[in-house]
Number of protein chains: 2
Amino acid sequence: MADTERWLELLEEKGGRITGPRRAIVELMANSDRALSPVHVFDLARAKYPKMGLVTVYRTLEFLSELGLVERVHQPDGCHMYLRAANGHEHLMICSGCGKAVYFSGDDLSAFIEKISKESGFLIQSHWLQLHGLCKECH
Amino acid sequence: MADTERWLELLEEKGGRITGPRRAIVELMANSDRALSPVHVFDLARAKYPKMGLVTVYRTLEFLSELGLVERVHQPDGCHMYLRAANGHEHLMICSGCGKAVYFSGDDLSAFIEKISKESGFLIQSHWLQLHGLCKECH
DNA sequence: ATCCTTATTGATAATGTATTTCATTATCAT
DNA sequence: ATGATAATGAAATACATTATCAATAAGGAT
Ligand SMILES: [Mn+2]
Ligand SMILES: [Mn+2]
Ligand SMILES: [Zn+2]
Ligand SMILES: [Zn+2]
């Protein structure tokens, strides 16, 4: 709702044009609470914009990803899914029942990473952390 | 070396037959310190067993994965790579320079997960943690 | 050692996903 | 309203994975 407009504004600021297909995809992605595969986005978006092409879905997801609005999410059963991006340092918790994805923050691995880093000689630049389980509704 | 035989024994115990192609793949996977894609395994294994088929690589990796001997590794630039499995609760640290993968243990997220769990109503069943950086040799 | 059952293999075909190409269409600054 | 050009979608292409199937080979039984 509110995010949709903000996304479209940013898209425009960055030199993109606002079009029907893009509007449909942005509406979807900005308001989805689960990670979606390109094909899934395609299917959902065609409800709003029937002549949507799958190629446009790929291109738009790529564009939104460059703008930092969506990001790729890896899951055990699908590694090319997209979800609205995190705000700052957040990680994902995903429900294996319904697919609901929720960002959380507050993890503090810095001390631990420091320790591992010292012991191993590795220079750690980033980390992935993801929690898998069942949401309130699914258990 | 030692692991190779152990893997083959387990494979046999579970009703599998020991064959040339499997021996070549097991030797590779049991001794590799980096995650390998099926095609990469294929190329390397053909050195030992020239008439190896790519399909056999897929099938053998799947089998070894069912036996808990290898596991799939996700990386920013490739999500279908395989590596010898962890021993118990371990996570991976991967060098973005050379691909070297090292397991570490000692992370303790239980208190944090407990907190997130309470706040969100999620029942957390497992977690992914992965560190990305540069190994001693690569920086 | 030989035989026999059947697991395993690899060539091939089929599938599904992602990318490239290109003529047509739509956006938006003027 | 017009025109430059960004964006689109159909079609073609590339690529990774899976399914099919006849030939082969492993290993238990004899
Ligand atoms: Mn992945
Ligand atoms: Mn852990
Ligand atoms: Zn759920
Ligand atoms: Zn390295």
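Given the structure is predicted, the values throughout are model-derived calculations rather than measurements. Computed over heavy atoms, backbone and side chain alike; hydrogens, waters and symmetry mates excluded. Reminder, nothing fancy here: chain letters follow the sequence lines and each chain counts from 1.
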*asked:* Near DNA chain C, counting only heavy atoms under 4.0 Å, which residues of residues 60-81 of chain B show up?
replied: none
*Classify the side-chain pair A:H80/A:H74 by whether it contains a donor and acceptor separated by less than 3.5 Å.*
no
*A:A45 to A:I25 - nearest heavy-atom pair and separation*: CB-CG1, 4.3 Å
*State whether the number of non-hydrogen atoms from other residues, nucleotides or ligands found under 6.0 Å of B:H40 atom NE2 is greater than 12.*
no
_Check against salt bridge (Lys or Arg N to Asp or Glu O under 4.0 Å), A:K48 and A:E27_ = CA-CA 10 Å; A:K48 291 259 177 191; A:E27 253 168 43; 3.2 Å; yes
*Between P of C:dT8 and CZ of B:R23, the distance in whole Å*: 15 Å
*asked:* For the residue pair B:R46 and B:F42, would you count it as a cation-pi contact if the rule is NZ or CZ under 6.0 angstrom from the ring centre and within 45 degrees of the ring axis?
replied: yes
*Among residues 36-57 of chain A, which contact DNA chain C at a heavy-atom distance under 4.0 Å?*
A:V55
*Report the C-alpha separation of B:D107 and B:H89 in whole Å, then their side-chain angles, then the decisive distance to 0.1 Å, and conclude whether the side-chain contact (heavy atoms from CB on, under 4.5 Å) test is met.*
CA-CA 9 Å; B:D107 67 303; B:H89 189 129; 3.4 Å; yes
Give me the distances for all protein-to-nucleotides 27-30 of chain D N/O pairs that come in under 3.5 Å?
from   : atom 1 : to    : atom 2 : distance (Å)
D:dG27 : OP1    : B:I18 : N      : 2.9

*Should we say atom NZ of A:K115 is surrounded by more than 12 heavy atoms from elsewhere, each under 6.0 Å from it?*
yes
*Base, sugar-phosphate alone, or nothing: which one does A:R59 contact when heavy atoms must sit under 4.0 Å apart?*
base
*How about A:L28 and A:V41: do any of their side-chain heavy atoms sit closer than 4.5 Å?*
yes
*Would you mind reading off the distance between B:Y58 atom OH and D:dT20 atom P, rounded to a whole angstrom?*
18 Å
*Minimal non-hydrogen separation, B:A35 against B:M81, with atom names*: CB-CB, 3.8 Å
*Using whole Å, report how far CG of A:L11 lies from C1' of C:dT27.*
12 Å
*Start with the C-alpha gap between B:L61 and B:Y82, add the side-chain angles, then the distance that decides, and say whether side-chain contact (heavy atoms from CB on, under 4.5 Å) holds.*
CA-CA 8 Å; B:L61 288 174; B:Y82 290 83; 3.7 Å; yes
